[in-house]
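Counting starts at 1 for both ligands and their atoms, following the listed order.
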Amino acid sequence: MEWIEWVLSREFRQFVLDNDLFFPLLFLGRLIGVTAIEVWRPAREVSYRKVILNDLTVFVVYQFVIFPLAQQINRYIAIRPQLPETILAMPLLFRVLCYFVIADFGHYWIHRLMHTKHVWRIHKWHHAPTYMYWLAGTRATVPQQVIVNLPYIFAWSFLGLSPWWMGLAIGMFSSLQNDWMHVNVTWRSNWLEWLIVTPRYHHIHHSDNPAHYKANLAALFTLWDRLFGTYVNPDEVKEEELSFGIGENVPLVRLALGV
Ligand SMILES: [Zn+2]
Ligand SMILES: [Zn+2]
């Protein structure tokens, strides 16, 4: 069991950080772990063999082009408020909670904006797949990523003066959060929906049924949908009757550029 000791050692941690291997290793873990969950208890059939190459390509483009480009643009247009010392002196746990509530509230409204007539084109790509599993949810255009990042950058101010690993932890959380929302799994702990979004909850949002077009927009806390009238109770939707997609043929280049 020497390799376990090595993986848990300080040297290994330093090696991973020095070589920027944290997120590649995390992706490998997601690929194995999340796929295993889907194979174990799938909500519906997905022909992985047909879509995996396509979705891995999308992932690589997202990771190395779309996300970095959006971050560059965000350097010019994001608001980073300077918070008073009294807030920054609050316990870290409280500030992390503030981060998630504020960022998620902003994300809800940005998402709602993207489902309006004129902004829909920048978000269409995310809804384009006619199948649903964890890797199908990676699609985001540059303009979508830029505006979705805004509330997170704003709320990041609450995490000033936090430990060195906070950036990695938040990055890991948002990757897993996105995997979780889209994962193709039958999830029966529906009580969780009183607090957070579950896969079946978000799958309704991807439904091609016009009745669900603006349903369940929340990314983390379901409270926003309940408060602002976009909540559709997953218990009232037959999961097996859901189908996905945007119901129109748009050339891939237009989808990916959001034009
Ligand atoms: Zn959407
Ligand atoms: Zn989605």
Side-chain angles (χ1 to χ4, degrees), residues 30 34 37-38 42-44 46 51 54-56 58-59 61-63 66-67 70 103-152 173-187 192-193 196-226 228-232 234 237 239 242-248 250 254-259:
R30 289 158 64 196
V34 186
I37 294 171
E38 294 199 350
R44 49 186 78 77
V46 174
V51 297
N54 194 8
D55 289 335
L56 281 174
V58 168
F59 174 82
V61 171
Y62 174 80
Q63 207 65 24
I66 292 172
F67 193 74
D104 194 55
F105 176 74
H107 191 165
Y108 171 84
W109 284 103
I110 298 275
H111 194 185
R112 196 160 167 163
L113 173 77
M114 292 192 297
H115 277 267
T116 58
K117 197 173 158 210
H118 297 293
V119 196
W120 169 234
R121 69 187 64 177
I122 72 169
H123 183 49
K124 246 185 205 180
W125 196 31
H126 183 76
H127 284 265
T130 51
Y131 49 87
M132 186 52 59
Y133 76 109
W134 70 284
L135 207 48
T138 318
R139 288 163 178 77
T141 63
V142 172
Q144 166 175 339
Q145 196 61 50
V146 167
I147 59 172
V148 166
N149 282 346
L150 294 175
Y152 291 93
F173 183 88
S174 45
S175 300
L176 295 178
Q177 179 190 1
N178 203 55
D179 297 349
W180 164 247
M181 291 163 80
H182 299 97
V183 71
N184 177 30
V185 73
T186 311
W187 182 264
L192 205 60
E193 279 156 12
I196 64 163
V197 170
T198 60
R200 66 168 196 159
Y201 188 97
H202 188 67
H203 291 181
I204 292 170
H205 177 66
H206 276 265
S207 154
D208 59 4
N209 180 344
H212 301 144
Y213 180 58
K214 288 183 184 179
N216 298 357
L217 291 155
L220 181 60
F221 300 116
T222 58
L223 174 74
W224 315 129
D225 282 313
R226 294 173 200 276
F228 303 117
T230 46
Y231 174 70
V232 168
V237 177
E239 253 187 292
L242 282 186
S243 53
F244 307 110
I246 50 176
E248 59 173 319
V250 183
R254 282 191 57 194
L255 277 179
L257 290 175
V259 294

Per residue His115, nearest N, O or S atom to the Zn ion (ligand 1) is named NE2
Does atom CZ (Arg254) have a neighbourhood of more than 12 heavy atoms from anything else shown, all under 6.0 Å?
no
Please find out if less than 6.0 Å separates the ring center of Trp120 from that of Tyr213.
yes
Ring centroids only, cut at 6.0 angstrom: are His127 and His115 within range, meaning strictly under it?
yes
Just give me the atom name: the N, O or S atom of His182 closest to the Zn ion (ligand 2).
NE2
For the Zn ion (ligand 1), the closest N/O/S atom belonging to His123:
NE2
From His205, does some N, O or S atom reach closer than 2.8 Å to the Zn ion (ligand 1)?
yes
Close aromatic pair by centroid cut-off 6.0 Å: His206 and His203:
no
For the Zn ion (ligand 2), find the closest N/O/S atom belonging to His202 and write down its atom name.
NE2
Rounded to the nearest 10 degrees, what's the angle NE2 of His126 makes with NE2 of His206 at the Zn ion (ligand 2)? Could you check?
100°
Does a donor on one side chain and an acceptor on the other come within less than 3.5 Å for Thr198 and Glu193?
yes
Compute whether any side-chain donor of one residue and acceptor of the other, for Ser174 and Tyr152, lie under 3.5 angstrom apart.
no
Indicate if the distance from the Zn ion (ligand 1) to the nearest N, O or S atom of His127 falls below 2.8 Å.
yes
